[in-house]
Every structure is written in structure tokens, then in C-alpha cells.
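Step one of this worksheet: look at the structure below.
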2 protein chains.
Amino acid sequence: MKDYTIILREHNLKATPQRLAIINTIDNYGHINIDKLYEDIKLKFSSISLATIYKNINTMIKEMLLLEVKLPNEKSVYEIVKDNHSHLLCKECGKVEDIFIDTKKIIDEISSKHTYTISQSDVVLSGSCESCKVI
Amino acid sequence: MKDYTIILREHNLKATPQRLAIINTIDNYGHINIDKLYEDIKLKFSSISLATIYKNINTMIKEMLLLEVKLPNEKSVYEIVKDNHSHLLCKECGKVEDIFIDTKKIIDEISSKHTYTISQSDVVLSGSCESCKVI
DNA sequence: CTCTGTGCAAAGCGTTTGCAAACGA
DNA sequence: TCGTTTGCAAACGCTTTGCACAGAG
């Protein structure tokens with residue numbers, strides 16, 4: 001498992017056990033919402049408070065270590081900032097996967113038709129994953 | 001201005017003045033968030049309560065007359081259900097425009113690489129609109 | 001040693017609910 | 001008339017805040 005101690009310090013954040021637990025759990029899951037994150041961390045860190053989770057999520061988002069992903073009909077999930085990518089969501093089980101789409105083509109096309117300068121793209125494709133399809 | 005009386009009745013909803021005001025205001029703005037919607041309707045309908053707005057937004061979403069659009073770093077906006085389309089957001093002024101992207105191509109590409117059955121795509125491109133670009 | 005972070009409880013805020021009265025069909 | 005909707009106030013749930021203590025650097 002990756003050690004986030006140095007990375008946190010580079011962002012002027014102290015590497016407390018709570019903070020490390022939070023970022024490691026997010027890393028481990030890939031994408032996770034607040035409730036599951038709290039539930040999961042509490043198993044091994046029973047004294048942690050929900051307020052600590054919230055405070056840390058927010059500071060790490062400000063420091064651009066984490067990113068909130070808004071999903072249709074679901075609670076937001078959090079992920080570690082990485083290369084530009086999109087998301088695939090299973091409407092049945094809520095599982096989220098990273099996907100790589102050539103958004104440049106889309107952005108160029110829209111840029112030529114509209115007068116916007118586009119700097120960001122948020123794409124979520126939703127459906128049924130393999131295991132939920134059968135049900 | 002379009003008359004939503006019949007459309008509401010077709011969805012088994014009574015065409016009350018409050019409800020008509022809500023749907024007409026959304027139609028008029030194209031995309032609007034709860035706060036602006038309440039503020040705007042209150043001008044001409046000072047007795048309306050925020051609870052009524054919420055209840056109606058929710059029933060009309062259930063009846064598939066309205067759709068919630070989740071945006072990065074912004075409050076959700078509501079729109080009247082129409083043909084499949086995507087959104088263009090100005091990060092400066094919050095303005096939202098409809099855009100038309102060939103999502104079929106993207107979906108086909110992802111479907112062939114992943115095992116998901118994709119049934120929905122939510123795309124938001126963000127940047128600066130013409131009037132905000134200069135600032 | 002100093003300053004940041006934690007945990008608790010309280011406050012805050014947006015949204016929902018229960019209910020009596022009003023209203024649409 | 002009957003069932004739905006409204007408006008109010010209270011309740012609710014999620015998130016943030018204030019503060020004293022603990023802990024990282």
C-alpha cells in the first residue's frame with residue numbers, strides 16, 4: 001500500500017493516523033462515499049469522529065489531493081486526484097469504475113460551435129455492471 | 001408561453017396556480033436552482049412556501065416532467081424533460097446551456113471495452129462563457 | 001514547544017413531514 | 001363532494017463549527 005505521509009506533508013498537512021486512514025481507505029476503494037468511509041474506518045479506528053472525516057475530506061479537497069464525484073441518483077463519492085478520466089456507474093449496486101474517453105474530440109467540436117472556453121469535462125455513463133445485469 | 005395545464009393533468013397532477021408558476025418559471029429559465037426558483041416565484045406569488053416548491057419539484061421529477069441536473073461545484077439545477085442532451089456550464093456566472101453531443105459513439109466504444117450495459121450518459125462541460133471570458 | 005488536528009456536542013442549513021384549511025376537478 | 005394540494009411549523013438528516021485537549025513536527 002502506498003504511503004501518503006510525504007504527500008500529505010508536501011501539502012502542509014500533518015500525517016495523523018486518522019488522515020492516513022482516510023486517504024488509504026479511499027485509495028483502497030477507488031471511489032467511496034462518506035457513509036461507507038466512516039463505517040469502514042470505524043472498524044479499525046473506533047474512536048474516529050464523523051466530524052474528523054468531514055474536516056479532512058474538505059481540507060484534502062482544498063489541497064487538491066481528493067476530488068468529489070457527483071453521480072446521478074447517488075451520494076457523491078470521493079477519489080484521489082489522478083489523470084483526467086471519466087466514470088462508469090452501475091445503477092444497481094452503485095459500483096463506480098474509471099474509464100478513459102477521448103474528451104478532446106468532444107470539447108473541440110463543442111468549442112467550434114459555441115463561444116465557451118471549455119476547461120473541464122465531467123462524464124458519467126450509467127447502466128448495469130456484469131454481475132447486476134442478470135438480476 | 002406554453003400551457004402546462006393539460007400536461008399536468010395527463011400526469012394525474014392538478015393544475016394549481018403554484019404548480020403552473022413553478023413549471024413555467026423553469027421553462028422560462030431553461031435551467032434554474034431551487035433558490036432562484038423560489039425567489040423568482042415569490043415576486044409574483046408572495047404567499048408561496050418553500051415546502052410547496054420542494055414538494056412539487058419532487059412530484060414532477062417522479063412523474064418525469066422534470067429532471068435534476070447535478071453540476072460540479074454548483075447547486076443542482078432543474079429542467080423540463082426533453083430530448084437527450086448534455087450541458088455546458090460557465091464556471092464564472094453559473095449559466096447552463098444545452099448542447100448536443102453524439103454520445104452513442106462514446107457509449108459504443110466503452111461498451112465494447114467494458115462489460116456494462118450503458119443506458120444513460122450525464123455529461124457536463126465547464127468553462128467560461130463569452131461574457132465571462134474577458135474578465 | 002508550538003501549532004495543527006481530534007473528538008465531542010452544539011449549531012446550522014437545506015429538505016422533508018404532519019396536519020388543518022383551502023382548493024381543483 | 002372528495003381527494004389533492006397548500007402553507008405553516010416542526011422535525012429531520014447531513015454537514016459545519018467552537019472549544020478544550022491531544023499529538024505531530
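Being a predicted model, the structure only gives us computed values, none of them experimental. Throughout, a chain's letter reflects where its sequence line sits, starting with A, and its residues are numbered from 1. All heavy atoms count here, side chains included; hydrogens, waters and symmetry mates do not.
Ring geometry, A/Phe100 versus A/His85: the interplanar angle falls from 30° to 60°, so the pair is classed tilted.
A donor-acceptor distance shorter than 3.5 angstrom exists from the side chain of B/His11 to the backbone of B/Glu63, with no hydrogens or angles considered. Counting only distance, with no hydrogens or angles, the side chain of A/Lys91 and the backbone of A/Asn73 share no donor-acceptor pair below 3.5 Å.
The nearest whole Å value for the distance from the CD1 atom in B/Ile22 to the C1' atom in D/dG7 is 13 Å. When the C1' atom of D/dT16 is taken as reference, atom CD1 of A/Ile57 falls 14 Å away, rounded to whole Å. In this entry the distance linking CD1 of B/Ile41 with C1' of D/dT5 reads 15 Å, nearest Å. Regarding B/Leu50, its CG atom lies at a distance of 16 Å from the P atom of D/dA10, rounded to whole Å. The CG-P distance, from B/Leu8 to D/dT6, rounds to 10 Å in whole Å. Rounded to whole Å, the distance from NZ on A/Lys14 to P on D/dA24 is 9 Å. If you measure from atom NE2 of A/His11 to atom P of C/dT4, you get 18 Å, rounded to the nearest angstrom. The separation between B/Tyr38 atom OH and D/dT6 atom P is 14 Å, rounded to whole Å.
Among residue pairs with one or both ends in residues 58-77 of chain A, none qualify as ring-ring contact (aromatic ring centres under 6.0 Å, His included); sequence neighbours excluded.
Between B/Asn12 and A/Asn58, the residue anchored closer to the 5' end of DNA chain D is B/Asn12, taking for each the nucleotide with the nearest heavy atom.
With side-chain heavy atoms closer than 4.5 Å counting as contact, directly or through intermediates, the hydrophobic cluster containing B/Ile106 also holds A/Leu88, A/Ile99, A/Ile101, A/Ile106, A/Ile107, A/Ile110, A/Tyr116, A/Ile118, A/Val123, A/Leu125, B/Leu88, B/Ile99, B/Ile101, B/Ile107, B/Ile110, B/Tyr116, B/Ile118, B/Val123, B/Leu125.
Donor-acceptor pairing under 3.5 Å is lacking for the side chains of B/Thr52 and B/Gln18.
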Report task. Starting at the 5' end of nucleotides 6-13 of chain C, put B wherever the base has a protein heavy atom under 4.0 Å, S where only the sugar-phosphate does, and a dash everywhere else. Result -> BBB-----

